[in-house]
A.B. asks: 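Structure below; questions to follow.
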There are 2 protein chains.
Amino acid sequence: MQRFINNPDEVVEDTVKGFVKAHADIVRLSAQNPRVIAARHTPVNGKVGVITGGGSGHEPAFIGYTGRNMLDAVAVGELFSSPTAKSFLDAAREANGGKGVVCLYGNYAGDNMNVKMAIKLAAKEGIEITTVVANDDVCSAGPEEREKRRGVAGEIFMWKCGAAKAAEGASLEEVRATAQKAIDNCRSIGVGLGPCTLPSVGHPNFTIEPGTMEVGIGHHGEPGVRVEPLRSARDVAEEMAKIVLDDHQLAAGSEVAVIVSGLGATPLNELYILHDTIESEIAGRGLTIYRVYIGNYFTSLEMVGATLTVMALDDELKRLLDVDVQCPAML
Amino acid sequence: MQRFINNPDEVVEDTVKGFVKAHADIVRLSAQNPRVIAARHTPVNGKVGVITGGGSGHEPAFIGYTGRNMLDAVAVGELFSSPTAKSFLDAAREANGGKGVVCLYGNYAGDNMNVKMAIKLAAKEGIEITTVVANDDVCSAGPEEREKRRGVAGEIFMWKCGAAKAAEGASLEEVRATAQKAIDNCRSIGVGLGPCTLPSVGHPNFTIEPGTMEVGIGHHGEPGVRVEPLRSARDVAEEMAKIVLDDHQLAAGSEVAVIVSGLGATPLNELYILHDTIESEIAGRGLTIYRVYIGNYFTSLEMVGATLTVMALDDELKRLLDVDVQCPAML
């Protein structure tokens with residue numbers, strides 16, 4: 001493995017240490033739990049707390065989205081594994097400003113289970129936690145089973161809009177509803193060109209043959225809907241846009257926000273090459289791009305590939321997207 | 001090649017198209033030259049223009065640093081190749097607000113030659129171009145031959161400080177002097193773990209054997225000072241810090257700014273793991289980190305590896321680093 005690590009079993013430990021050192025002006029490690037990152041200024045009295053949590057290896061997600069007008073606290077899991085219930089609970093404690101906490105997380109079995117347990121534990125100490133479960137990954141289940149879909153990079157929009165709403169002083173239910181609307185308005189698709197390796201395992205846990213691509217791949221290498229010969233970036237981008245936009249069914253004239261994220265080892269220039277076609281496809285359907293993020297926003301270790309996320313906007317979501325944030329992933 | 005491209009000979013063309021579409025609120029393509037990116041608001045009358053140029057494949061460098069309080073215009077070369085003299089000239093034309101233009105670029109043979117030609121051509125039409133040549137790459141020549149060293153990620157600090165100085169209304173000579181001071185205060189080192197492939201070539205033009213690392217590697221795979229067995233991130237980071245700081249010879253109590261950049265295919269978590277030790281090494285010498293940037297700031301296609309840049313600060317450089325910028329690489 002050609003990587004910069006120490007003990008393979010301490011990758012998360014070492015990542016968190018370096019992260020907190022690098023961004024000590026924005027974040028801090030919870031004094032109670034070395035697997036919880038909190039914004040420096042958190043908790044804010046009278047503000048709804050906004051938290052998430054998820055497995056490591058997706059950096060800058062999840063920890064990089066902690067900060068001002070963004071997440072108040074994040075529960076940190078091992079590589080590709082859910083944080084513990086205790087870590088979700090401690091994140092809620094860090095974020096609790098007395099108006100309750102909304103936990104905005106992705107639809108994975110481990111996270112679902114641990115968040116549920118954390119809700120019960122928090123209730124015992126008087127902290128109300130409500131949730132929104134992200135399910136923006138189009139290829140992970142059909143349109144009639146949207147609740148089964150996984151959460152992927154659309155979570156970034158869910159966090160940004162939910163956190164900005166909380167910063168405006170909204171109630172727990174208002175923040176939850178806005179975050180729910182944000183993720184309901186998101187559709188995402190991933191295409192994988194190369195696998196990744198968990199350092200403690202030492203070899204990839206899935207394969208992508210050279211000359212092929214996996215359409216609809218998940219953030220942990222979950223199988224996509226099909227393996228195809230790798231085609232031109234133009235063809236790939238057209239297919240990604242078609243899958244997302246066909247599922248979306250937006251009226252012409254709608255405004256959207258877009259994320260084109262690398263999965264870790266795909267160079268930035270290739271994301272721009274994809275975006276050249278993605279933009280044309282979106283415009284071709286009569287949609288207008290209000291804002292676009294291109295880069296490594298939600299990764300899977302050194303997986304080769306890219307994801308596309310499209311969020312339909314209304315006036316509220318545009319206003320919330322426009323709110324300035326201070327977080328390590330968006331400096 | 002597992003990559004998102006169309007015609008291998010049109011990678012730069014397609015990258016630039018996607019880039020301009022994505023960031024049309026900040027940048028524009030020159031109407032005169034499809035290999036020149038300019039900031040939307042450029043030129044600014046009465047402001048010194050600040051430009052750079054370099055080969056493509058280092059994204060977000062160079063084009064991503066175009067914007068407000070940053071570069072006014074950038075000449076775009078083919079992959080790993082200097083822009084033409086004409087492109088440097090056209091970048092100067094785009095940036096010219098009547099007070100002259102400073103070209104802040106890296107020490108490579110092609111760039112040196114083409115910038116020199118551009119200076120002569122610009123002089124004929126009354127545009128004065130002065131230059132600063134970056135040479136922050138410690139391993140590319142010994143301390144007695146600093147002028148032979150290549151420019152690498154320290155260029156980002158040179159651009160940021162030079163451009164902020166120009167935005168303050170400084171004269172051509174003042175901007176040049178400040179940018180020169182910024183790069184004089186920078187030292188960088190790269191460590192490579194895996195090679196990269198020019199799409200039109202189809203195979204890597206250098207090799208890094210599994211289990212080894214190349215210490216001092218350049219941004220185009222230029223040989224480093226030695227090939228060693230790959231060691232722990234802690235050992236690698238210590239070595240990187242030692243090489244940079246031994247060359248720097250800063251007095252205890254000095255403040256520094258730091259960039260830990262991935263070379264393209266190294267995941268962000270590994271950069272944080274490196275930074276955990278880098279920070280300790282810097283602090284261990286009695287130095288204080290004023291600001292740190294961690295991410296893919298200056299890459300080499302999908303090379304695996306990382307670079308460390310340390311800039312010594314004074315009050316002026318701190319003030320200039322603090323200036324808010326709006327550019328695609330620092331959103």
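Note that the structure is predicted; figures quoted are calculated from it, not measured. Naming: A, B, ... by sequence-line order, numbering from 1 per chain.
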A.B. asks: Under 4.5 Å heavy-atom distance to chain B, tell me which part of A:Ser300 shows up: side chain, backbone, both or neither.
C.D. replies: neither

A.B. asks: Output the option from A:Glu302, A:Glu279, A:Met303 having the highest count of non-hydrogen pairs under 4.5 Å with chain B.
C.D. replies: A:Glu279

A.B. asks: Is it the backbone or the side chain of A:Val260 that comes under 4.5 Å from a heavy atom of chain B, or both, or neither?
C.D. replies: neither

A.B. asks: Quick check for you: among B:Asn6, B:Asp14, B:Ile63, B:Leu268, which has the greatest number of heavy-atom pairs under 4.5 Å with chain A?
C.D. replies: B:Asn6

A.B. asks: Hey, do the aromatic rings of A:His275 and A:Tyr293 have their centres closer than 6.0 Å?
C.D. replies: no

A.B. asks: With only heavy atoms counted, which part of A:Val191 is less than 4.5 Å from chain B, the side chain, the backbone, both or neither?
C.D. replies: both

A.B. asks: State which residue, out of B:Ile273, B:Leu271, B:Asp276, fulfils the side-chain contact (heavy atoms from CB on, under 4.5 Å) condition with A:Thr15.
C.D. replies: B:Ile273

A.B. asks: So, for A:His220 and A:His58, is the gap between ring centers shorter than 6.0 Å?
C.D. replies: yes

A.B. asks: Tell me, out of B:Glu10, B:Lys17, B:Arg234, who's got the most heavy-atom pairs with chain A below 4.5 Å.
C.D. replies: B:Arg234

A.B. asks: Without swapping roles, check the side chain of A:Gln2 against the backbone of B:Gly211 for a donor-acceptor pair under 3.5 Å.
C.D. replies: yes

A.B. asks: At a heavy-atom separation under 4.5 Å, does A:Ala306 approach chain B through its side chain, its backbone, both, or neither?
C.D. replies: both

A.B. asks: Is chain A contacted by the side chain of B:Asn296, its backbone, both, or neither, given a heavy-atom distance below 4.5 Å?
C.D. replies: side chain

